[in-house]
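Just below is one structure, and these are the notes that go with it.
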Amino acid sequence: MEDNKKNMESTAESVEMVKTSKEKVKTFTRDEVNKIVNAETNKTRKKYKEQMKAEKLAKMKSDEELLYQLEKEKIEKDNALAELNEYRLKEEAIKIAREKGLEVSLLNLIDFKNVTSETLSKNIDKLTIVFNKSVEKAVNERLKEEIPITKTTNYYEM
């Protein structure tokens with residue numbers, strides 16, 4: 001607004017300078033002065049709107065930057081909580097496996113990042129069943145006796 005007043009004053013001064021100049025005297029009608037003032041006012045408004053737009057754009061960029069930082073921190077927090085949950089689930093799984101007599105190294109088959117505490121026990125039960133079946137199968141194969149080959153000799157052929 002101050003720029004607008006300055007422009008009007010400078011326009012008024014230039015009108016007076018034209019009037020007072022001895023070389024050439026020009027008078028302006030009220031309509032002409034209004035047109036000049038309106039043109040200057042419109043220029044100032046346009047300039048002010050551009051400045052406001054630039055400030056708004058700069059503010060939007062800073063808001064977007066803050067949103068980006070917030071999102072980044074949220075992801076880091078979620079990752080840290082997931083790691084903590086994974087650690088706790090591993091500890092729980094080891095305890096359950098030892099109680100059931102399951103080899104602890106078999107727990108490496110479980111993806112602790114995607115398992116919940118509710119499904120952990122079911123997964124360990126499945127591993128126990130599969131492990132016990134494979135052990136039973138291996139034991140049965142080892143205990144399996146070969147059928148002895150019996151040679152019958154015919155005493156009459158001798």
Side-chain angles (χ1 to χ4, degrees), residues 1-14 33-158:
M1 288 298 210
E2 291 180 15
D3 291 337
N4 192 13
K5 288 180 182 179
K6 289 178 183 177
N7 287 335
M8 283 195 225
E9 290 173 3
S10 65
T11 306
E13 289 174 4
S14 63
V33 171
N34 284 341
K35 284 182 185 178
I36 294 170
V37 170
N38 285 337
E40 290 297 319
T41 303
N42 288 338
K43 266 191 211 176
T44 305
R45 281 185 186 158
K46 186 176 180 181
K47 188 176 183 182
Y48 179 72
K49 283 182 182 180
E50 288 174 2
Q51 286 176 347
M52 291 297 288
K53 199 176 199 181
E55 288 175 7
K56 186 176 179 180
L57 183 62
K59 185 178 179 183
M60 280 177 56
K61 286 182 181 177
S62 68
D63 288 347
E64 288 173 357
E65 187 175 320
L66 288 174
L67 286 174
Y68 172 76
Q69 288 292 338
L70 182 65
E71 186 68 27
K72 184 178 173 185
E73 289 176 5
K74 183 180 180 237
I75 290 171
E76 288 175 358
K77 179 188 126 196
D78 290 345
N79 288 342
L81 287 174
E83 285 182 33
L84 178 62
N85 188 39
E86 182 181 350
Y87 176 76
R88 287 180 178 166
L89 286 174
K90 280 182 182 178
E91 291 297 314
E92 174 105 11
I94 290 171
K95 188 184 340 177
I96 293 171
R98 285 188 178 146
E99 288 173 2
K100 294 188 178 198
L102 182 67
E103 178 63 33
V104 177
S105 63
L106 290 173
L107 295 177
N108 292 332
L109 298 173
I110 298 175
D111 182 16
F112 289 100
K113 291 180 182 175
N114 297 322
V115 74
T116 62
S117 60
E118 293 82 26
T119 59
L120 179 64
S121 182
K122 292 177 185 177
N123 288 344
I124 292 175
D125 288 341
K126 288 177 185 176
L127 278 175
T128 304
I129 292 168
V130 170
F131 179 72
N132 288 339
K133 282 184 180 180
S134 65
V135 167
E136 185 178 339
K137 184 178 178 183
V139 167
N140 286 339
E141 284 185 24
R142 291 219 173 174
L143 292 176
K144 190 177 190 183
E145 291 183 15
E146 292 184 24
I147 300 175
I149 301 175
T150 57
K151 292 186 180 183
T152 57
T153 57
N154 199 348
Y155 292 111
Y156 296 112
E157 289 180 18
M158 285 185 175

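These numbers come from a predicted model, not from an experiment.
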Margin query: Could you go through Asn79 and Ile75, starting from their C-alpha distance and side-chain angles, then the distance that decides it, and tell me whether this counts as side-chain contact (heavy atoms from CB on, under 4.5 Å)?
Written below: CA-CA 6 Å; Asn79 288 342; Ile75 290 171; 3.8 Å; yes

Checklist line | Leu70: partners by side-chain contact (heavy atoms from CB on, under 4.5 Å), with sequence neighbours left out | finding: none

Margin query: Quick check: do Asp63 and Lys59 have side-chain heavy atoms less than 4.5 Å from each other?
Written below: yes

Got a list of side-chain donor-acceptor pairs under 3.5 Å for residues 103-110, not counting sequence neighbours?
residue	atom	partner	partner atom	Å
Asn108	ND2	Ser105	O	3.3

Item checked: side-chain contact (heavy atoms from CB on, under 4.5 Å) against Ile96, all qualifying residues, sequence neighbours excluded -> Glu92, Lys100, Ile124

Note to self: To the nearest 0.5 Å, what is the distance between CZ on Phe112 and CZ on Arg88?
What the structure shows: 15.0 Å

Margin query: Are Lys137 and Glu141 packed together at the side-chain level, in the sense that at least one heavy-atom pair is separated by less than 4.5 angstrom?
Written below: yes

Checklist line | Side-chain ion pair, Glu86 and Lys90, N-O less than 4.0 Å | finding: yes

Checklist line | Partners passing side-chain contact (heavy atoms from CB on, under 4.5 Å) against Asp111 (at least two apart in sequence or in another chain) | finding: Lys113, Asn114

Check: Residues two or more places apart in sequence or in another chain: which of them pass side-chain contact (heavy atoms from CB on, under 4.5 Å) with Thr116?
Finding: Glu118, Thr119

Checklist line | Inter-residue atom distance Leu89.CG - Ile94.CD1, 0.5 Å rounding | finding: 11.0 Å

Next item on the list: Decide if atom CD of Glu65 counts as having more than 12 heavy atoms of other residues, nucleotides or ligands within a radius under 6.0 Å.
Entry: no

Note to self: Quick check for you: to the nearest 0.5 Å, what is the distance between Asn132 atom CG and Leu127 atom CG?
What the structure shows: 10.5 Å

Notebook entry, point to check: salt bridge (Lys or Arg N to Asp or Glu O under 4.0 Å): which pairs involve residues 71-85, sequence neighbours left out?
Noted result: none

Note to self: Could you measure the distance from the CD atom of Glu55 to the CD atom of Gln51? Nearest 0.5 Å is fine.
What the structure shows: 7.0 Å

